[in-house]
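Residue numbers start from 1 in every chain, and the chains themselves are labelled A, B, ... in the order their sequence lines are given, proteins ahead of strands. No experiment lies behind these values; they were computed from the predicted model shown.
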Number of protein chains: 2
Amino acid sequence: MSRAVPLDSVDLKILAALQNNARLSNKELAATVGIAPSTCLDRVNRLRETGVIVGYQLRVDPAKLDRSLEALLYVRMQPHRRPLVEPFVEHVLNQPETRELYHLTGPDDFLIHVAAENANALQRLVLDELTARDEIALVHTNLVFQRWLGGPLLPPEE
Amino acid sequence: MSRAVPLDSVDLKILAALQNNARLSNKELAATVGIAPSTCLDRVNRLRETGVIVGYQLRVDPAKLDRSLEALLYVRMQPHRRPLVEPFVEHVLNQPETRELYHLTGPDDFLIHVAAENANALQRLVLDELTARDEIALVHTNLVFQRWLGGPLLPPEE
DNA sequence: GATGAAACGATCATTTA
DNA sequence: TAAATGATCGTTTCATC
C-alpha cells in the first residue's frame, strides 16, 4: 500500500517546486516545470491519487499564538503494550499543545513536540497529562532553542 | 518581533479551518467562517503580514519516495560552541534525508528527523556525515515506528 | 501532452454599516 | 474602522485534438 511510485523527472520537478512553495498556482507551477497547465493539473492530481502528496499544511508561528515555549518530551511507557498505546496516542493528540508525536524504538518509547504558553503550562502538561497516567513511567523534558525544516524530500539518487 | 498578535474569534476560526485544510479556496473559507470573501481575503492577508501564518507546506509520504526508514538522531556536540553550531546546522540541512532539525537544551544538543532509503543509507548518514565530524561526540539512532501530527495550533484559553 | 473555451474564483474599488 | 457588494480579471478545468 505504501510502495514507492514510479516518478519521472517532471514529477520530481513538480514535487520540488511545490515543496518550496505549496501555494504556487497551477499555472505558475506549469510554467516552472515547463509543461502546459492542463498537463500539470493531471500530474498533480495523479500525485495526490497515488498518495505521494498527502496534504497541504498551514505553517503558523507558535510565538505569535502565545505559545513561545517549545519542548520535546521523551516518554517511557511501562508496560509498553499494544492496548495501552492507542489510548495514550489519542490522549496526546487531544492536548492543544501537541504539534507532533513519534512512536519510537530505543529506551524512550515516544517523543512529543509541544508548544506551550510558558513554563507553568509545560509543567502542567507533564505532570497532569503525562506522568499522572499509570502507564507513563518517565518523562524527560528538553526545551527547543530553534527548529529548522529540511529541504524538499525527493527519492534517493540511483 | 515575535510577540503574540491580537486575534478575534474570526481569526481563530480562519486559523483552525486552514490548519485542517490549507487548500481551502478563499470562497470556501469565507463560507466556513461565515464572512464575505473579500473580508476573508483581508483577514488572511493580515494574518500573513503579521507573521501568524508563516507559509504553506506540501506534505509528502516519504515511503512513496523510497524513503521508508525514518529515524530520530540524537546528536551531542563537543565543544558546544557557537562557531561550530552554524556550519553544523547548514551541513545537516544540506543532507537530502533531513526532514527537521532541533537545537535543544539537555544532554543531547540536537535532534534530527531523517527519512532514509534503508538501513545502509542510514548507516552512511550517521557515520559519514555525522560522527565523521570532529565536533560530533555522539549520535544515538532511534527508528520511527509511526508519526502523528497534532491538531490545529491556537492560542491558549484565557 | 497540448489547445482552447466555458465556468469559476480571486481580487479590488466602491459603498454601506 | 471593518465588512459587504459587485465588476473585472485571471485561473482552473475539461472536452477535444
Side-chain angles (χ1 to χ4, degrees), chain A residues 3-61 63-66 152-155 157-158, chain B residues 1-61 64-66 152-158:
Chain A
R3 286 282 299 290
V5 168
L7 300 170
D8 68 14
S9 70
V10 173
D11 292 317
L12 299 183
K13 279 188 203 162
I14 289 175
L15 288 172
L18 281 182
Q19 284 183 82
N20 280 326
N21 177 8
R23 259 167 51 93
L24 275 179
S25 75
N26 183 61
K27 195 190 172 198
E28 290 170 308
L29 180 60
T32 303
V33 308
I35 57 177
S38 58
T39 309
C40 189
L41 194 65
D42 278 356
R43 292 289 192 135
V44 173
N45 283 336
R46 191 162 323 146
L47 288 169
R48 264 210 303 276
E49 284 159 14
T50 54
V52 178
I53 292 177
V54 175
Y56 299 78
Q57 199 186 337
L58 192 73
R59 294 210 297 121
V60 298
D61 180 348
K64 289 278 165 45
L65 297 176
D66 238 340
L153 194 71
L154 296 171
E157 306 279 322
E158 280 310 286
Chain B
M1 184 237 147
S2 217
R3 286 282 300 288
V5 168
L7 300 169
D8 67 15
S9 70
V10 173
D11 293 316
L12 298 183
K13 277 188 203 163
I14 289 175
L15 288 171
L18 280 182
Q19 285 183 81
N20 280 327
N21 177 8
R23 257 169 50 94
L24 275 179
S25 73
N26 182 61
K27 197 190 169 196
E28 291 170 308
L29 180 61
T32 304
V33 307
I35 57 179
S38 58
T39 310
C40 189
L41 196 64
D42 278 356
R43 292 290 191 135
V44 173
N45 283 337
R46 192 163 321 149
L47 288 170
R48 266 210 303 275
E49 284 158 15
T50 54
V52 177
I53 293 177
V54 174
Y56 299 78
Q57 198 186 339
L58 191 73
R59 293 209 299 122
V60 299
D61 179 348
K64 290 277 166 45
L65 298 175
D66 239 341
L153 193 71
L154 296 171
E157 305 278 325
E158 280 311 287

Can you tell me the distance, in whole Å, between the [atom1] atom of [X] and the [atom2] atom of [N]?
X: A/L29; N: D/dT13; atom1: CG; atom2: C1'; result: 15 Å
X: B/L7; N: D/dA2; atom1: CG; atom2: P; result: 14 Å
X: B/N26; N: D/dA3; atom1: CG; atom2: C1'; result: 14 Å
X: A/K27; N: C/dG9; atom1: NZ; atom2: C1'; result: 15 Å
X: B/L24; N: C/dA10; atom1: CG; atom2: P; result: 10 Å
X: A/L41; N: C/dC8; atom1: CG; atom2: P; result: 16 Å
X: A/R23; N: D/dT12; atom1: CZ; atom2: C1'; result: 16 Å

Report task. First locate atom NZ of A/K13, then atom CG of A/D8, and finally report the distance between them rounded to the nearest 0.5 Å. Result ->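 If we round to the nearest 0.5 Å, A/K13:NZ and A/D8:CG are 9.5 Å apart.
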Are [X] and [Y] close enough that some pair of their side-chain heavy atoms sits under 4.5 Å apart?
X: A/R46; Y: A/V5; result: no
X: B/P152; Y: B/L15; result: no
X: A/Q19; Y: A/L154; result: yes
X: A/L18; Y: B/V60; result: no

Query raised in the report: Taking the side chain from A/D61 and the backbone from B/V54, do they hold a donor-acceptor pair closer than 3.5 Å?
Result: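 Not at all, since once roles are kept as given, no pair shorter than 3.5 Å links the two residues.
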Every protein N/O within reach of nucleotides 1-5 of chain C N/O, cut-off under 3.5 Å:
from  : atom 1 : to    : atom 2 : distance (Å)
C/dG1 : OP1    : A/R43 : NH2    : 2.6
C/dG1 : OP2    : A/R43 : NE     : 3.3
C/dG1 : OP2    : A/R43 : NH2    : 3.4
C/dA2 : OP2    : A/A36 : N      : 3.0
C/dA2 : OP2    : A/T39 : OG1    : 2.6
C/dT3 : O4     : A/S38 : OG     : 3.0

